[in-house]
Number of protein chains: 2
Amino acid sequence: MTHMAASARSTPSDHAGLGLRERKKLKTRVAIRDATYRLIAEQGYDATTVEQIAEAAEVSPSTVFRYFPTKEDIVLTDEYDPVLESELRSRPADEPIIESMKHVITKALKLGFDEDAEMTRLRTRLQVEVPAVRSRMMESMSVTGQLLCRVLAERTDRDPADLEVRVYSMALVGALMETTLYWAEHGHQDDLSDLMTRTLDTFANGL
Amino acid sequence: MTHMAASARSTPSDHAGLGLRERKKLKTRVAIRDATYRLIAEQGYDATTVEQIAEAAEVSPSTVFRYFPTKEDIVLTDEYDPVLESELRSRPADEPIIESMKHVITKALKLGFDEDAEMTRLRTRLQVEVPAVRSRMMESMSVTGQLLCRVLAERTDRDPADLEVRVYSMALVGALMETTLYWAEHGHQDDLSDLMTRTLDTFANGL
DNA sequence: TAGATATTGACAGTGACTATCACTTAAGAG
DNA sequence: CTCTTAAGTGATAGTCACTGTCAATATCTA
């Protein structure tokens with residue numbers, strides 16, 4: 001879901017009664033992400049080195065890479081795919097997929113989005129402006145695509161590895177991603193929910 | 001079109017009556033690509049450094065980067081987007097887009113593909129196996145997407161920047177790309193034309 | 001508290017990519 | 001044909017993302 005607009009500063013299931021170790025890890029993770037967003041907002045993406053991020057987050061560069069496999073991932077990583085999946089599964093099984101997506105997306109935007117609109121805007125702006133970030137976002141597409149494959153396969157009683165299921169899923173994910181880019185390219189002026197609705201209608205009915 | 005299967009060892013409009021300079025450039029370009037494919041086939045993608053490529057192609061590393069912006073581009077770059085565009089435009093304007101795509105793709109596969117099946121297989125295999133290559137391929141999607149936007153906009157008499165046009169185009173390109181991946185993942189055993197036909201049917205009619 | 005284990009930082013790489021500059025070589029004018 | 005101009009090249013020296021290793025430290029468990 002990185003390619004959509006859901007934000008993710010605080011993880012879905014924040015610090016519960018975890019051990020000290022886990023709590024520290026979470027704190028470090030958040031520290032790195034916050035430092036990254038701050039520095040990038042100040043200096044831009046390319047001008048911000050991992051070393052600077054490490055220093056700002058008060059960890060070593062090694063640690064940064066232990067938490068995030070690549071620099072782009074610091075910006076992009078979120079944990080909303082599982083949420084999306086369970087939300088989709090909670091919709092009636094005979095509802096058309098497009099309808100389900102409309103509901104789920106609208107809900108997701110209402111909830112997760114207002115919560116931290118600033119970061120979502122920065123993130124989507126980077127997706128438009130920084131090739132490396134866009135590229136990584138597109139890779140994340142295939143993960144969400146696989147998720148969709150599973151759900152779709154279940155609903156239509158097919159194999160998730162079927163060509164048809166995979167094609168339909170990736171086409172859909174591609175459509176959603178393009179919508180987010182469109183939104184960001186136009187300065188986040190439109191209402192994203194409206195755009196998504198238009199997208200899903202186009203997807204269902206053709207041009 | 002990098003994400004599709006069209007190959008491109010010899011450029012479409014090979015060495016005509018170009019000046020000596022142009023001919024040399026073309027030779028260098030081909031030398032770099034051939035060296036790259038050979039080394040990668042022998043040692044794998046990651047184990048092959050740009051330095052090795054430069055040495056094998058008998059140029060300096062600087063020159064390699066003058067010809068190709070990134071290492072992935074050496075593998076991926078092709079020049080078939082313009083061909084695709086003109087072929088698409090040569091179809092009757094009132095033909096459904098999906099039909100046009102079927103014709104154009106089938107034709108492209110028949111022509112450009114048998115010519116150098118070996119390289120096409122290596123290329124698509126790398127798209128599956130090497131994340132960096134897949135990632136770059138996905139970036140090239142958006143270029144082909146824009147191409148499709150132009151053609152579609154013209155046919156349907158809309159603005160190529162319309163959300164609907166963009167969404168439809170990217171969805172279609174995503175579908176085609178997924179098909180190529182599917183083909184490569186299954187060891188290139190299916191007939192790619194058949195797969196593409198199934199894909200376009202799914203795209204037109206839904207799941 | 002003692003010992004197993006997880007997490008970290010320091011260090012030393014590798015390799016893709018960039019910028020600069022002098023040098024060679026092809027292209028065009030007279 | 002030759003001189004000028006500009007294109008193309010190679011060498012060099014960098015930057016920075018990212019990897020691997022190892023010793024030190026912090027947490028957990030018994």
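Each chain gets a letter, A, B and so on, in the order the sequences are listed, and its residues count up from 1. Below, each value reflects all heavy atoms present in this structure, side chains not excepted, and no hydrogens, waters or symmetry copies. This structure is a prediction, so every number in the text was calculated from the model and none was measured.
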Legend entry - Side-chain N,O (A/Tyr67) to OP1/OP2 (C/dT7) below 4.0 Å: no
Inset, instruction - Please list, chain by chain and in numerical order, all residues satisfying ring pair (Phe, Tyr, Trp, His ring centres under 6.0 Å) with A/His188, sequence neighbours excluded. - result: A/Trp183
Legend entry - A/Lys71 NZ - C/dA16 C1' separation (whole Å): 14 Å
Legend entry - Contact check, side chains of A/Leu148 and A/Val165, non-hydrogen atoms, under 4.5 Å: no
Inset, instruction - Please round to the nearest 0.5 Å and tell me the distance separating atom CE of B/Met141 and atom OG of B/Ser169. - result: 11.0 Å
Inset, instruction - For atom CD of A/Glu129, decide whether the heavy atoms of other residues, nucleotides or ligands shown that lie under 6.0 angstrom number more than 12. - result: yes
Legend entry - Nucleotide C/dG15, atom P - distance to CG of B/Leu39 in whole Å: 14 Å
Legend entry - Interatomic distance, B/Arg166 atom CZ to A/Thr199 atom OG1 [nearest 0.5 angstrom]: 10.0 Å
Inset, instruction - Would you check if B/Thr180 and B/Met137 make a side-chain contact, meaning some heavy-atom pair closer than 4.5 Å? - result: no
Inset, instruction - Taking all heavy atoms of B/Ile40 and all of B/Tyr45, pick out the closest pair and write down the distance. - result: CD1-CD1, 3.5 Å
Legend entry - Interface with DNA chain D, restricted to residues 41-56 of chain A and to heavy atoms under 4.0 Å: A/Thr48, A/Thr49, A/Val50
Legend entry - Leading and trailing nucleotides of DNA chain D with any atom under 4.0 Å from heavy atoms of chain B: D/dA6 to D/dA11
Inset, instruction - Spell out, as yes or no, whether a donor-acceptor pair under 3.5 Å connects the side chain of B/Thr77 to the backbone of B/Ile74. - result: no
Legend entry - Residues which pass side-chain hydrogen bond (donor to acceptor under 3.5 Å, both in side chains) with A/Glu85, listed by chain and number, not counting sequence neighbours: A/Arg89, A/Arg150
Legend entry - Set of ring pair (Phe, Tyr, Trp, His ring centres under 6.0 Å) partners for A/Tyr182, sequence neighbours left out: A/His186
Inset, instruction - Using a 4.0 Å cut-off on protein heavy atoms (strictly under), produce a 5'-to-3' string for nucleotides 20-30 of chain C with B for base contact, S for backbone-only sugar-phosphate contact, and - for none. - result: -----BBS---
